[in-house]
Structures are given as C-alpha cells and as structure tokens.
Novice: 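Supplied in structure tokens, the structure appears directly below.
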Protein chains: 2
Amino acid sequence: MSTRSQVLELAILGRLRESPVHGYELRKHLNVTLGAFRTLSYGSLYPALRSLTERGLISAAEPRSSALGGRRARIVYHLTDDGREYLDSALASAEPTSWEDDAFDVRFTLFGSTDARTRLRILEGRRARMVERREKLRQSFRRTSRRMDAYTAELARHGLEQVEREVEWLEQVIDTERGTRGALDYGSLPTREPRDPTTSGDANGYSAPDVTQTKEQL
Amino acid sequence: MSTRSQVLELAILGRLRESPVHGYELRKHLNVTLGAFRTLSYGSLYPALRSLTERGLISAAEPRSSALGGRRARIVYHLTDDGREYLDSALASAEPTSWEDDAFDVRFTLFGSTDARTRLRILEGRRARMVERREKLRQSFRRTSRRMDAYTAELARHGLEQVEREVEWLEQVIDTERGTRGALDYGSLPTREPRDPTTSGDANGYSAPDVTQTKEQL
DNA sequence: GCCTACATGTAAATAGTTACATGATTGA
DNA sequence: TCAATCATGTAACTATTTACATGTAGGC
C-alpha cells in the first residue's frame, strides 16, 4: 500500500536531493511537476515536513534573516545523510507500489536518480498494470455495451482509449530506454501531431540534459 | 463544491431511475460504469443508501424471501416520488460543479435523462475547464522545460497530450450533439432504437435493462 | 488603502478505507 | 471441503481538506 503520504514524502526527498528549498516553494514545485492539477495543501505539506524532520531524514535550517530583506524567515530544508541513504534505497526498489497510480508519476519524475535496471522494471510493471486494466475494460465493455445507453457506452469507449494510449506511451518509453541504455533522448519520441517547430523551438528536441551526470553516480 | 459523496448520491439515484436494485449489485454497476478503477467500498455505499433513505429520496423494500431460494434477503431500493423530483431538478442544473472532474463522468453517464440544452451547457463548461488546464500546462511547460530533466519534461509532455485529447474528444461530442439535436449516434456503437428527435427535453426513451431478471435464472 | 503573493503553521471537521461480523450457496 | 461469490452492515482507523491565525512586501 503506497499511502498518499508516503508518495508525498518520496517526492519531497527527491526534490530536496537537487537542492535545499523552503516549504512554500516546495509546494509550488510539487504542484507543477506532479499532479498537474492535484493541489497539495499546506495541511499535508507541513505535517509531512515535520515528520521527516523528526525522523532525521531532513533538517531545517533557519536562515540568517538578512540579505533578502525583511520577508518572513524562510525555513530551508535539506537532506541529511540518513535522508539521502533512505532515498537511495527507496529509489532502488521496484515493487508493485512503485507503479501504482500516484506513485508511478513520482517515481518517473525521479528516474534521473534511478539506475537503468530499476527504471525498466518499474516501466514494465506499470505497463503490465495498464494492460491488465485495458483488458478488464475491453471485456466489461464487450459484455455490457449493448445493455448500456449510448452515453455510458461512449464514456466507456473514451476511457478505454485513454488507457490504450497510456500503454502505447509506456511502450515507446520502454523502447527508448532499451535502445539508448542510459543516454536519454526524448526528442526522438514521436509526437502524435508533429507540432510546429518554430514555436518554442527546442521544446521537443532537447538532448539529454544534466540527467546523465546525476545518473552516472549510480 | 461537489463533495464526493454528493456525486455518489447522484450516481445512485441515477441508476435507481432505471430500475430498483439492491446494494451489492449497485456497487458492481457503479464500479463498472464510473471510476473504471476507483473502487467503491461498502463503507461508502451503505451509509449513502441509509442517508438517502432517511431523507425519503429512496425507499428500501425487503422482499418476501421465498421464490428465490435461501439466499440472504436482498434489500431492493427504489426511487420515491420525492427522489425522482430531486433527481430531475439535479439533472436540469448546469453549474460549475457539474463539470468538475468526478462529477462530470456521472453527469455524462446520465445524459440519457438530461435535456439537450443542459447537456450542451455541461459539455461546454467541461471543455472550457479542460482548455484552461491545457493552457496552464502549456505555459508552465514552456517556462520550465529547459530547467527540467528529460524525464520530468517527458512526463509533463505526456500529461499535456492527454489533456489535449480530452479537449478533442469533448469537441467531437459537442459536434455530435449540435448536429443531431437529440438523436444520439456515436457511430459504430451498438445503440438502442434511435430516439424520436421531436420529443426534446426528455430523452430517456429506452426500455429499462433488466438486471433482476437474470438473477431469477439462477 | 487594498489586494496579491510571500511564508509558516495548527485545529477542527470531514471524508474515506479497512477490517471485521455474519451467513448462505455454488462449484471445483 | 474449501474457496469464491453473494449479501449487508458497522466500528475503528486513517487520511485529507478547510478554515483559521499571523505577518511582511510590493504593486496599483
């Protein structure tokens, strides 16, 4: 059982691996990267930070107020050695909880700090899960579609389609992982409708960024 | 705020409009049609049924046990007049809560009992919501994509694509709605007898699918 | 002068799940 | 006979959100 708060903890530790941050900014970051729309409330974030601090995985640094002017003192959190150790072992695991709905996104986001074999195992686990879901949907759709009214059927069809696309996406990512064996280039992933390259130019064509160096440490 | 339980209530009443059912089967039905994967637990369902009963919107009929053999007595719930009235007014509304994530699916499922104008307003509200989300994602993607590592960016790109497809789907449904003005034809899908387009406003013209009958065969 | 964004936290309320209690029937 | 499915329910627990409390700084 990957409780939501465990996933949140992982996300926090993962972000803290990059650099220390304070709560307010952490929240903004998490709202952008994960969830996309799931809004992380302070009522979840701050208790999580406290819990992690109590367990010695992170540590709070009250900064010398000055320098930035008179803003309310920000409490900057950073990973402790224990925290880094804990995070590394968490990132090396590839159990079913890693490809559960919520957890998967977080794990994927942290693939930059995950070794290639673990990445592949998680991706394959996720794919198996999605295929399973797809089959279940297909079956229940075939069995019941003529007893459904048109709207219910259309919604089911659309839901099925979304899952099918999820599987296709995973397949492409897995292929890329297998092909490149570490050097990541997602610019080569086919986009559904080739977008106008003049807009935001490099949006699709980044060559492997700093990920490689982080990964090399493993 | 469409609380989850309010959405659940709507789904229950909507299903009961078709025909009376008992709790166990209601759960199965809701697990198939909505959610697709969100598992509705008894701990949610039965309290909801009790609450609806207490408010007089549904009523529980303890069936004469006989006839079916010795199974544990099933409690069959059916809509009361008050319940039908309440449901009808709920189905006639098209407020923002109708196109919130969870609520939308339920409302869409019940489009068969919703008049054409309300359907369109809900669909357009939903589309606006999705477009808004898409724009937010695009912006935050463009702003931050070069500061992200490849995996985070790829996940964001994929998320954006899913939302784009959602918008496209809505657009198609809206077109179909506009074109047919009541008679629904979602293409190759097995549909019941096409509705008479002249009776606008009340579109629930299908004969009730019989769920209880199959049980009797056992 | 007011609103928004920055910034941290807590208490109370609410929502939701899991585990349990109970028990019959069917099929392997 | 053992597991699975049918069938209803509750109590305890866990999780999550909302509202509140507090205060600064900068732009309009």
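Below, read A as the first sequence line, B as the second, and so on, with proteins coming before strands; counting in each chain starts at 1.
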Novice: Sequence neighbours excluded, which residues qualify as side-chain hydrogen bond (donor to acceptor under 3.5 Å, both in side chains) partners of B/Thr80?
Specialist: none
Novice: How far does the helix from C/dG1-D/dC28 to C/dA28-D/dT1 bend, going by the axes of its first and last five pairs, to the nearest 10°?
Specialist: 40°
Novice: I'd like to check the side-chain hydrogen bond (donor to acceptor under 3.5 Å, both in side chains) partners of B/Thr152; sequence neighbours left out, ordered by chain and number.
Specialist: B/Asp149
Novice: What's the CG-P distance between B/Leu8 and C/dA15, to the nearest Å?
Specialist: 12 Å
Novice: Expressed as a whole number of angstroms, how long is the span from B/Leu45:CG to C/dT17:P?
Specialist: 11 Å
Novice: Measure the distance from CD on A/Glu25 to C1' on C/dA7 and round it to the nearest whole Å.
Specialist: 12 Å
Novice: List in chain and number order the residues that pass side-chain hydrogen bond (donor to acceptor under 3.5 Å, both in side chains) with A/Arg27, two or more places apart in sequence or in another chain; answer none if no residue qualifies.
Specialist: A/Tyr42
Novice: Grab the N/O contacts between the protein and nucleotides 10-17 of chain D below 3.5 Å, and write none if there aren't any.
Specialist:
residue, atom, partner, partner atom, Å
D/dT16, OP1, A/Arg4, NE, 3.1
D/dT17, OP2, A/Ser44, OG, 3.0

Novice: Nearest to the side chain of B/Tyr77, heavy atoms from C-beta on, is which of D/dG9, C/dT8, D/dT8?
Specialist: D/dG9
Novice: Expressed in angstrom and rounded to an integer, what is the separation of B/Leu26 atom CG from D/dC6 atom C1'?
Specialist: 15 Å
Novice: Tell me every residue that passes side-chain hydrogen bond (donor to acceptor under 3.5 Å, both in side chains) with A/Glu164, counting only those two or more places apart in sequence or in another chain.
Specialist: A/Arg138
Novice: Please list, chain by chain and in numerical order, all residues satisfying side chain to side chain contact (heavy atoms under 4.5 Å, CB included) with A/Ser41, sequence neighbours excluded.
Specialist: A/Ser44
Novice: Check the distance between D/dT5's P and B/Arg27's CZ and give it to me in whole angstrom.
Specialist: 12 Å
Novice: Rounding to a whole Å, what distance do you find between B/Tyr24:OH and C/dA24:P?
Specialist: 17 Å
Novice: Can you give each donor-acceptor pair under 3.5 Å made by side-chain atoms of residues 46-54 of chain A, sequence neighbours left out, with the distance rounded to 0.1 Å?
Specialist:
residue, atom, partner, partner atom, Å
A/Ser51, OG, A/Arg55, NE, 3.4
A/Ser51, OG, A/Arg55, NH2, 3.3
A/Thr53, OG1, A/Leu49, O, 2.7

Novice: Output side-chain donor-acceptor pairs under 3.5 Å for residues 122-132 of chain A, partner residues at least two apart or in another chain, one line each.
Specialist:
residue, atom, partner, partner atom, Å
A/Glu124, OE2, A/Arg178, NH2, 2.4
A/Arg126, NH1, A/Trp99, O, 2.9
A/Arg126, NH1, A/Asp101, OD1, 3.3
A/Arg126, NH2, A/Asp101, OD1, 3.3
A/Arg127, NH1, A/Glu171, OE2, 3.2
A/Arg129, NH2, A/Glu100, OE2, 3.3

Novice: Assess whether a salt bridge exists between B/Arg157 and B/Glu154, defined as any Lys/Arg side-chain N lying under 4.0 Å from an Asp/Glu carboxylate O.
Specialist: yes
